Amino acid sequence: MNYNFFAPQQINFGWGRFQETGDLAASLGTRAFIISGSRSLEASGVIEELRQLLSRASIKSEFIRTISNEPEVMDVDQTTRLLRDLGAGAGDFLIGIGGGSGIDLAKATSAMITNQESETVVDYLEGVGRGLKLTEAPLPLMAIPTTAGTGSEATKNAVISSYAPPFKKSLRAEQMIPDIVLCDPQLACSVPPEITARTGMDAITQLLESYISCRAQPIPQALCLQGLKLAIPALPEAVENGNSRRGREAMAHAALLSGIALANSGLGMSHGVAPALGIHCKISHGLACALMLPATLKANYSVRQQEYAEIYRFLYPEQALSAEQAAESLIDEIQKLNDRIQIPRRLSDVGVSPLQIPALVQSSRGNSMSGNPREIPDEELTQILESLL
């Protein structure tokens, strides 16, 4: 065995622990810049409550913005300029609260504030721009996830999009892992069923893809098994009863584990294709991952049958099945789960046309696809996508 392992330095997890925000944040600085990923957090008073909790801990706060879309280049550049105009520097820190969009924007901005070789994040993204590296430590960051899905609270990258030219790439550095993760599952109770389903399947996809990745590692694999054991029964419960404490706690914990796993082991074909579906077809990330997951499992069956069987037997120890039967049953269970929470089976159901397939194939060749357990040539990926129309 030979591996490295990355995880947030401090994880505070528990129902109602949002009330501890001020005390926890006091170790990061004296002024907080807040970036939200959901307008409902403003409407429901969560942002105002956050500012009050910080104030009680003698921390000044500035509510910077809410981002409703997956962060784009202009979002990062504009937010960075705004924070520089406010004199962001020593003693300041960021809080990203919401889903992956808000947390990713906070992560990217915290890095760009201190790395000023270029005025645009494009020059630091993987595979585009000038290939600049993040050489300076980002401003400190607290991540408060309110949707159980992306795991961004535990990863070392932020995903940034562009539509002209079209790309979806990562800003990545080990120092970008949030300093403090405050995960209060109660904050997810107001998340609508459809978003709960899609973000939840993002977490499940991350757990499965990290387990079977060509870069899979032993600690993340152990976390993936626990996450899947929690998430597969809990997701329908959280979708069908948003106030279920058991469902929300299990999904929040599974999503956190999925973020730790992907930060160490990488992902696969589902997450390779999902950014392309987002850029070219405007399909949300969670939905894209969920729709692609059964096809991904089938595509990798020939090289990961043993791992599929391991997962299935861990999830359903009472079932006495052969390795082949257990592996096939895992794929069946994932498809049944998708069907139960109303994830479409076909790309045509979400507006993808045959004419978009070549662009999707071309745009799927990123870091996530490189983690797939076997190479998927363009011709095969074309056939897979066409079969899903």
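Throughout, residue positions are numbered sequentially from 1 according to the sequence presented. Computed from a prediction, not measured in an experiment: that's the story for all the values here. What's counted below: heavy atoms across the whole structure, side chains too, no hydrogens, waters or symmetry copies.
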Identify whether [X] and [Y] are in the same connected component of the hydrophobic contact network (ILVMFWY, side-chain heavy atoms under 4.5 Å).
{"X": "Leu277", "Y": "Met269", "result": "yes"}
{"X": "Val159", "Y": "Val122", "result": "no"}
{"X": "Phe33", "Y": "Val181", "result": "no"}
{"X": "Leu53", "Y": "Leu28", "result": "yes"}
{"X": "Phe93", "Y": "Met112", "result": "no"}

Donor-acceptor contact present, side-chain [X] to main-chain [Y], <3.5 Å:
{"X": "Asp179", "Y": "Leu141", "value": "yes"}
{"X": "Glu126", "Y": "Asn367", "value": "no"}
{"X": "Ser55", "Y": "Arg51", "value": "no"}
{"X": "Thr114", "Y": "Ala137", "value": "yes"}
{"X": "Arg304", "Y": "Ile212", "value": "yes"}

Result block: side-chain N/O donor-acceptor pairs under 3.5 angstrom for residues 286-303, not counting sequence neighbours:
unit_1, atom_1, unit_2, atom_2, d
Thr296, OG1, Ser270, N, 3.2
Thr296, OG1, Ser270, OG, 2.7
Thr296, OG1, Met292, O, 3.0
Asn300, OD1, Asn372, ND2, 2.9
Asn300, ND2, Thr296, O, 3.1
Asn300, ND2, Asn372, OD1, 3.1
Tyr301, OH, Gln305, NE2, 2.9

Going by the rule side chain to side chain donor-acceptor pair (under 3.5 Å), which residues pair with [X] if we only count those two or more places apart in sequence or in a different chain?
{"X": "Asp75", "value": "Arg65, Asn69"}
{"X": "Arg31", "value": "Asp92"}
{"X": "Asn12", "value": "Gln10"}
{"X": "Gln335", "value": "Asp339"}

Yes or no on side chain to side chain donor-acceptor pair (under 3.5 Å) for Gln19 and Glu49, after CA distance, side-chain angles and deciding distance? CA-CA 9 Å; Gln19 298 303 314; Glu49 184 179 6; 2.6 Å; yes
Nearest atoms (heavy-atom pairs only) where [X] meets [Y]:
{"X": "Ile103", "Y": "Gly98", "answer": "CD1-O, 3.8 Å"}
{"X": "Asp104", "Y": "Pro71", "answer": "CB-CG, 4.0 Å"}
{"X": "Gly37", "Y": "Thr66", "answer": "C-CG2, 4.4 Å"}
{"X": "Ser118", "Y": "Tyr124", "answer": "N-OH, 3.2 Å"}
{"X": "Gly96", "Y": "Ala106", "answer": "CA-CB, 3.7 Å"}
{"X": "Ala261", "Y": "Ser210", "answer": "C-OG, 3.6 Å"}

Not counting sequence neighbours, which residues clear ring pair (Phe, Tyr, Trp, His ring centres under 6.0 Å) with Phe13? List them please.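 His253.
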Take a 6.0 Å sphere around [atom1] of [X] and say whether it holds more than 12 heavy atoms from other residues, nucleotides or ligands.
{"X": "Gln342", "atom1": "CD", "answer": "no"}
{"X": "Glu119", "atom1": "CD", "answer": "no"}
{"X": "Arg246", "atom1": "CZ", "answer": "no"}
{"X": "Gln78", "atom1": "CD", "answer": "yes"}

Using only heavy-atom distances, determine whether the side chains of [X] and [Y] contain a donor-acceptor pair under 3.5 Å.
{"X": "Ser36", "Y": "Glu42", "value": "no"}
{"X": "His285", "Y": "Thr150", "value": "no"}
{"X": "Thr155", "Y": "Lys107", "value": "yes"}

Is there a side chain to side chain donor-acceptor pair (under 3.5 Å) between Gln383 and Glu379? Walk through the geometry before answering. CA-CA 6 Å; Gln383 292 172 358; Glu379 297 79 9; over 6 Å; no
Spatial distance of atom [atom1] ([X]) from atom [atom2] ([Y]) [nearest 0.5 Å]:
{"X": "Arg313", "Y": "Ser329", "atom1": "CZ", "atom2": "OG", "result": "10.5 Å"}
{"X": "Asn157", "Y": "Ser170", "atom1": "CG", "atom2": "OG", "result": "4.0 Å"}
{"X": "Glu117", "Y": "Arg130", "atom1": "CD", "atom2": "CZ", "result": "5.5 Å"}

Applying the side chain to side chain donor-acceptor pair (under 3.5 Å) test to Arg248, which of Thr196, Asn243, Asn241 qualifies? Thr196
From CA spacing to verdict: side chain to side chain donor-acceptor pair (under 3.5 Å), His271, Glu209: CA-CA 8 Å; His271 276 82; Glu209 289 198 308; 2.7 Å; yes
